[in-house]
Amino acid sequence: MNSIDSVTLEVADTEAARRFYSDAFGLDGSRVRVRAGDAPTSGFRGFTLSLVVAQPGNVDALFSAALDAGATVLKPAAKSLWGYGGVVQAPDGTVWQIATSAKKDTAPVTRDVDEIVLLLGVEDVRATKRFYVEQGLTVGKSFGGKYVEFATGPGTVKLSLYKRRALAKVAGVSAEGTGSHRLVVCGGTRPFDDPDGFTWQPEPSH
């Protein structure tokens, strides 16, 4: 295994979710899929998805489209030390970060997404990193026990690991949460669960 082909979100209303992701983010279902699911869950589900874009204007365009499509603001888009971005929660409950490392616009504004990143909030970053390296992933960046980013190819979903409480803080939500993640990660050749209970499958379920 060397990449994530796609992620599948378990939602109560698949038609509404597909409409939201198309209208808000222009996602066509190739990398972010949905399927029906009603497993009990409450609070923070332990992950976020990030849309990485080229410039602040693109962040604002996606942020505005998400709100128009029914998302809720968790953190308004704002400047920071690392760039510019904000956080919204989709109607199905998934937390989305929209961000850029650029400080200013240098081209016409679009809603183009350069990269989709799955950030897993884990209890022990080092242990989970070792687990994924054993599964075949290659570490791209690593900052001790705080953050890990795995190397992935173009057209795939990038995987990163962050401490659960730190990720919740970035997302603007409480770290407390129980029940299902309502997420299936699609990649590799066999199904498995990682140390934090995230489920992987070789192919998306429809």
Test item: Gln135 and Asp194 side chains (from C-beta on) under 4.5 Å apart, heavy atoms: no
Within the side chain of Ser22, is there an N or O that forms a donor-acceptor pair under 3.5 Å with the backbone of Arg19? no
List for me each residue that meets side-chain hydrogen bond (donor to acceptor under 3.5 Å, both in side chains) alongside Lys158, sequence neighbours excluded, and say none if there are none. Glu115, Glu149
Closer than 3.5 angstrom, by distance alone: can the side chain of Asp196 be matched with the main-chain N or O of Phe198 as a donor-acceptor pair? no
Kindly say whether Asp5 contributes a backbone atom to a donor-acceptor pair with the side chain of Ser3 at under 3.5 angstrom? no
Rounded to the nearest 0.5 Å, what's the gap from CZ on Phe63 to CZ on Arg111? Could you check? 14.5 Å
Residues passing the side-chain hydrogen bond (donor to acceptor under 3.5 Å, both in side chains) test with Asp193, sequence neighbours excluded, are Thr199
Within the 4.5 Å heavy-atom criterion, are Leu9 and Arg33 side-chain neighbours or not? no
Could I get the full list of side-chain contact (heavy atoms from CB on, under 4.5 Å) partners for Lys129, not counting sequence neighbours? Val133, Val139, Ser142, Val148, Phe150, Leu161
Restricting to non-hydrogen atoms, name the atom on Asp112 and the atom on Thr110 that form the minimum distance, rounded to 0.1 Å. N-OG1, 3.1 Å
Close side-chain approach of Pro202 and Thr189, heavy atoms under 4.5 Å: no
Is Val73 close to Lys75 at the side-chain level, that is, under 4.5 Å between some pair of heavy atoms? no
Side chains of Thr8 and Leu183: closer than 4.5 Å at any heavy-atom pair? no
Are Ile116 and Leu120 connected in a single hydrophobic cluster, I mean Ile/Leu/Val/Met/Phe/Trp/Tyr linked by side-chain heavy atoms less than 4.5 Å apart? yes
Kindly indicate whether the side chain of Val59, heavy atoms from C-beta on, has any atom under 4.5 Å from the side chain of Leu62. no
Testing the basics here: between Ala65 and Asp23, what is the closest heavy-atom pair and its distance to 0.1 Å? CB-O, 4.0 Å
Can Val7 and Ile4 be said to form a side-chain contact (heavy atoms from CB on, under 4.5 Å), step by step? CA-CA 8 Å; Val7 296; Ile4 298 175; 4.2 Å; yes
Do side-chain atoms of Arg164 reach the backbone of Ala175 as a donor and acceptor pair under 3.5 angstrom? yes
Just jot down the ring-ring contact (aromatic ring centres under 6.0 Å, His included) partners of Tyr84, sequence neighbours excluded, or say none. none
So which pairs with a foot in residues 2-42 pass ring-ring contact (aromatic ring centres under 6.0 Å, His included), sequence neighbours left out? Phe20-Phe25, Tyr21-Trp96, Phe25-Trp96
Kindly write out the residues that satisfy side-chain hydrogen bond (donor to acceptor under 3.5 Å, both in side chains) with Asp124, not counting sequence neighbours, or none if the list is empty. none
So, using ring-ring contact (aromatic ring centres under 6.0 Å, His included) as the criterion, who are the partners of Tyr147 when residues are at least two apart? Tyr162
Quick one: side-chain hydrogen bond (donor to acceptor under 3.5 Å, both in side chains) partners of Asp114, sequence neighbours excluded? none
So, the side chain of Arg18 versus the backbone of Asp28: is there a donor-acceptor pair under 3.5 Å, distance only? no
Heavy-atom closest contact (Val88 atom, Ala66 atom, distance): CG2-CB, 4.3 Å
Mind listing the closest non-hydrogen atom pair of Ala61 and Val109 along with its distance? CB-CG1, 3.9 Å
Is there a continuous path of hydrophobic side-chain contacts, each under 4.5 Å between heavy atoms, that joins Leu27 to Leu159? yes
I'd like to know if Val32 and Trp200 are part of one continuous hydrophobic network [Ile/Leu/Val/Met/Phe/Trp/Tyr, side-chain heavy atoms within less than 4.5 Å]. yes
Consider only side-chain heavy atoms of I, L, V, M, F, W and Y, link residues closer than 4.5 Å, and tell whether Leu119 and Phe143 are in one cluster. yes
Distance-only donor-acceptor pairs under 3.5 Å for side chains of residues 42-56, two or more places apart:
{"from": "Ser42", "atom 1": "OG", "to": "Thr178", "atom 2": "OG1", "distance (Å)": "2.7"}
{"from": "Arg45", "atom 1": "NH1", "to": "Asp92", "atom 2": "O", "distance (Å)": "3.4"}
{"from": "Arg45", "atom 1": "NH2", "to": "Asp92", "atom 2": "O", "distance (Å)": "3.0"}
{"from": "Thr48", "atom 1": "OG1", "to": "Gln97", "atom 2": "NE2", "distance (Å)": "3.0"}
{"from": "Gln55", "atom 1": "OE1", "to": "Thr106", "atom 2": "N", "distance (Å)": "2.9"}
{"from": "Gln55", "atom 1": "OE1", "to": "Ala107", "atom 2": "N", "distance (Å)": "3.1"}
{"from": "Gln55", "atom 1": "NE2", "to": "Asn58", "atom 2": "OD1", "distance (Å)": "3.1"}
{"from": "Gln55", "atom 1": "NE2", "to": "Ala107", "atom 2": "O", "distance (Å)": "2.9"}
{"from": "Gln55", "atom 1": "NE2", "to": "Pro108", "atom 2": "O", "distance (Å)": "3.2"}

Where the side chain of Ser6 meets the backbone of Arg31, is there a donor-acceptor pair that is under 3.5 Å apart? no
How long is the gap from NE2 on His181 to CD on Glu10, to the nearest 0.5 Å? 11.0 Å
Would a hydrophobic clustering, with Ile, Leu, Val, Met, Phe, Trp and Tyr connected at side-chain separations under 4.5 Å, put Phe131 with Leu118? yes
Among residues at least two apart in sequence or on other chains, which ones pass salt bridge (Lys or Arg N to Asp or Glu O under 4.0 Å) with Arg130? none
Please, which pairs that meet salt bridge (Lys or Arg N to Asp or Glu O under 4.0 Å) have at least one residue in residues 165-188, sequence neighbours excluded? Arg165-Glu176
What residues join Leu81 in its hydrophobic cluster, counting side-chain heavy atom gaps under 4.5 Å, either direct or through other members? none
Shortest non-hydrogen contact between Leu74 and Ala171, atoms and distance: CB-O, 3.5 Å
Which pair of heavy atoms, one from Ala17 and one from Val11, lies closest together, and at what distance? CB-CG2, 3.8 Å
Run Val87 and Ile98 through side-chain contact (heavy atoms from CB on, under 4.5 Å) and show every step you take. CA-CA 6 Å; Val87 186; Ile98 309 171; over 6 Å; no
